[in-house]
Every structure is written in C-alpha cells, then in structure tokens.
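To keep things clear, I will list the structure first and then write my remarks on it.
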Protein chains: 2
Amino acid sequence: MSSEPVTSRPTLSTARVIEAAVALADREGLDGLSMRELAQRLGVVPMALYKHVANKDDLLDGMVDTVWAEVEAPSSDLGWREAMRRRSISLRSALLRHRWAVGMMESRMRPGPANLSRHDAMMGCLRRSGFSFRTTVHVTSVLDAYVYGFALQQKTLPFGTPEESGETAARKLEATPPELAAMYPHLLEVVAELARAGYDYDAEFLTGLELVLDGIEQLRPGWATADRAPRPPIGGHG
Amino acid sequence: MSSEPVTSRPTLSTARVIEAAVALADREGLDGLSMRELAQRLGVVPMALYKHVANKDDLLDGMVDTVWAEVEAPSSDLGWREAMRRRSISLRSALLRHRWAVGMMESRMRPGPANLSRHDAMMGCLRRSGFSFRTTVHVTSVLDAYVYGFALQQKTLPFGTPEESGETAARKLEATPPELAAMYPHLLEVVAELARAGYDYDAEFLTGLELVLDGIEQLRPGWATADRAPRPPIGGHG
DNA sequence: ACCTGAACACCGTTCAAGT
DNA sequence: ACCTGAACACCGTTCAAGT
C-alpha cells in the first residue's frame, strides 16, 4: 500500500528546503534567494514552505548551520598551532563555497548545533593547550576577525583568479586617465606591480595566517616554559 | 527676484541626498534605506531622487565615499607602525559610526575620490617606510582583513557595552538547559568567564591590532637594519 | 522641457476561503 | 484539519501623461 514515490520529486522536509535554499544562494547570491523563487525551484506553491520553516529568518538560521557543519572542528591532538591553522583554512573554504554566509556565521540569534559544537571544540582545544580564559578569547577574536575579514575582502573584490586579477588590474591601469595617475601615484604603482606579478588569494591568506599565528604564539602566557595554564600574573590582565 | 528660500527645506542636491541617506542608514540600517522612505524624509516624491543619483547603487557609491572621507589618511611622518595603528583605529571608528558600511568599503566598482586618496596614502606610507611592493600588499591585506573582520563581528554580535555583554552572557547562561551545558562544556566555561569579567570590544580590538602589528614588524624586509627600501633578497620573496 | 503619478514586476507574510 | 489563492504592504525603476 505505502509504495515509495519513485518520482524525481521527493516530499518536502525542513532539510530539503534548507538544502535547496543553500544551493540557490550559492548560485544566485542572497539577493536571488526569495521564498517565491525557492518554492518554484522545489515545484511547490510559496506558502507550502511555511510548513517547514517558520519564516525566512528561520530558514537562514538553518542554512548557516549547514555551513558550520562543513567546518572542521579543531582537535588539540595536533597541537594548538596546527589545529588553529587547519580550522582557519577549513572555515575559509566553507566561506568560499558559500559566499553569502560571510557575515552571517556569528550573527544568528539562535545558533544551531553545528555552530555550538565547532565553537566548543575551538575553546576546548585552546584551553587544553594551556591558554588562559582571557587569552583564549583574544585568540578566537583575532583569528576569526582575520578569517572573516579576508573572506569578506575576497567576496567583495572584483577579481577571481591570480591571472584574472592581473588582467583586471592591467586593464584598469590602461583605462586610468593621466590626471588620475598623477593624483594617486603610489596606488597606481602598487596596482601596476600586481598587474605584473598577479595576485594569489590563497597564498595571500596563508601568509597573513602565519603572521597572525606568530602573534598568537607570543600572546600565550608561559609559552616558553609551561605547557598548561599557569597561575594568573599578579597585576591581572589589564 | 531670486529670493533665498528661508524654509527649513533647502533645495535638493546630490550631496544632500547622500547625506540624508547616510543618516537614514545609520539610524535604520541598510534594510531601512529605501528610495521611497528616503524621499519621504526629504519631503519629495520618490522619482525626484533620480535627478540627483542614477539609481540606488549609485547612491550607495556616494554613501561609501562619504565614510572614506571620515577615515584618517596615514602619514609616514609618524613612522609606519604608528601610522598604521592610527589608520586602523580611524577606519574602525568610521565603521562603528556607519555599521551598514562594513562589507561595502572595498566592494564598490567605481571607487570615489576619498577612497582612492586614502588607499594612495596607505601605499605611499608603506613604500616610503621601506616595505617592498609585495610586502606592502601583505600588510594591507592582513590589516584590512583584521579591521573589517573585527568590525563585522562587532556589528553582528548581539551585545554592545562590556557590561551589557556580561549581562547578556549571564542571561544566556542561566537560560541554558542542563543537557546543552553538558554537550558544550568548554564553550559554557568561556562564556561564564566573559559574563564574570565583561567583554570590552575596544580593548579587544587594540590587543589584536598590536598582535598583527607585531607580525608585520617581522614581515618587513631589512626591518632590523635599514630604514629605507633594501634591495630585494636573492631568492625573490618566495 | 521638466516633473511626477501610475504602472510594472517584484518581495515576505497574513488571512480567509476552499477542499 | 489541511492547503492555498488572493490580498496586504512593501520594493526599485520605467514610462507615459500632464503641465
């Protein structure tokens, strides 16, 4: 009696709605994601979606947690530096696959389970590696700022590949009227160099990441001697 | 004959439209900024705006350059580190005053004159301070990522002042069901510490900024010896 | 020539009518 | 009880009609 539906259109579910919404946003951007368009792609009437998500904001909550689920949770087995490096690279990769998610990863009012578990793993890794509470916050703050900020820049800048960036820069350079070139000599000089040598986002990200990790290494209290959380310094943390 | 209009409503101009749009976005956010609402606040019919801006995107271009005009251009007189510190703080302040602008500062396809002049000053300061072309790009990339990323986090996170953040965290903590507390022990531990000691965005930003500046100091070729651009190392930059 | 109201093609969501 | 079409209050922008 209860024969499986063999059609290519499985019945709607919250998971399927979220999955389709992510796919739509990946392809068309956040502006292209409307409840009406999403419904059409799923072959249902717009109001049918509201059986599976409370509203668009609820849908976005689910989409963001889908992205979090793709982020590698740091494990303290690797040592904090390798763990933080891998998590940062993994977070950036997820944000490259889902550019619409940049700026939404920390903003949801009701964080989902994947979000919570990844943050818990981050805190656990740092605390177990001997960072104090306060320093754990510093590390999280500066690393997240760097990764989110870099992803934001890349999402936002007008070129993709190294070659493309060189070409874009070169074209812009040629199109620059002489009076502008005279007003912004240093900017033009650097853009010309980029046009010559190309601009590789991945390499740039890794360079900056090591720079930030070096800074964190210095921040770690007792980094040169102890391997576990030392007693707090007399003056507090300031 | 041509008597000055003494009314409180001066005639419309591009500058006045942009100014009003910035004020509206500051107060109501980007979502609250519609051409219709903006027109109403200016006491004109919606279509009247299109005499002064080509479309909404053109309006946003103008708004972003208004924010750039508030950013202090770095001067190499101060030394690169102090100059970069001041520019970063100034950029963040502008983004705090105009939160809607986070994520739009580098994304405009037709950058305005204030944008170009600030970027030119940045490049000029770094080049004059002895950074190579390539290292100048690294410095710009990592500093901008940090400032934009931090501003994005702050815009996005649900609390404002240190006290408020403590209270918010404490309230969330109390509202946490025991089964969740057991699943995310490290996260809860850190949040509890934040609830106790408070979370000061300004202090956090400055801490991370010095960390990044320390990293940049290491990046600078010839930083220990020369004060002007050294000849490039034999192996290139790697 | 200038200005602008109505219209077009959208949006998220409510709500009442239909099965 | 469930589903859904029409409706509501928006949106940016076009375009033709009015002065």
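Within every chain, numbering begins at 1; the chains are lettered A, B, ... in the order of the sequence lines, protein sequences first and strands thereafter.
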>> Tell me which one of A:V64, A:L49, A:L38 satisfies side chain to side chain contact (heavy atoms under 4.5 Å, CB included) with A:L59.
In response: A:L38
>> If I take atom CG in residue B:D31 and atom C1' in nucleotide D:dG12, what distance separates them, rounded to the nearest angstrom?
In response: 15 Å
> Across all strands, who's sitting opposite C:dA9 as a Watson-Crick or G-U wobble pair, both distances under 3.5 Å?
Replying inline: none
> Charged N to carboxylate O under 4.0 angstrom, B:R110 versus B:D65?
Replying inline: no
> Between C:dT4 atom C1' and B:L49 atom CG, what is the distance in whole Å?
Replying inline: 12 Å
>> Can you tell me if A:E37 has over 12 outside heavy atoms packed within less than 6.0 Å of its CD?
In response: yes
> Rounded to the nearest Å, what distance is computed from the CD atom of residue B:Q40 to the P atom of nucleotide C:dT4?
Replying inline: 15 Å
> Is the distance between the ring centroids of A:Y146 and A:F205 less than 6.0 Å?
Replying inline: yes
>> How many whole angstroms separate atom CG of B:L59 from atom C1' of D:dT13?
In response: 14 Å
> NE2 of A:H52 versus C1' of D:dC3: gap in Å, rounded?
Replying inline: 12 Å
> Of A:R36 and A:K51, whose nearest nucleotide on DNA chain D comes first from the 5' end?
Replying inline: A:K51
> Which nucleotide in the set D:dT13, D:dC11, D:dT4 lies at the smallest distance from any side-chain heavy atom of A:V45?
Replying inline: D:dT4
> Quick one: which of C:dA6, C:dC11, C:dA7 gets closest to the side chain of B:M47?
Replying inline: C:dA6
>> Whole angstroms only, please: what is the CD-P distance between B:E28 and D:dC10?
In response: 14 Å
> Counting only Watson-Crick or G-U wobble pairs whose two distances fall under 3.5 Å, which nucleotide matches D:dA16?
Replying inline: C:dT4
>> From C-beta outward on A:K56, which listed nucleotide comes closest to its side chain: C:dG12, D:dT4, D:dG12?
In response: C:dG12
>> Using whole Å, what does the distance between atom C1' of nucleotide C:dC11 and atom CE of B:M35 come to?
In response: 18 Å
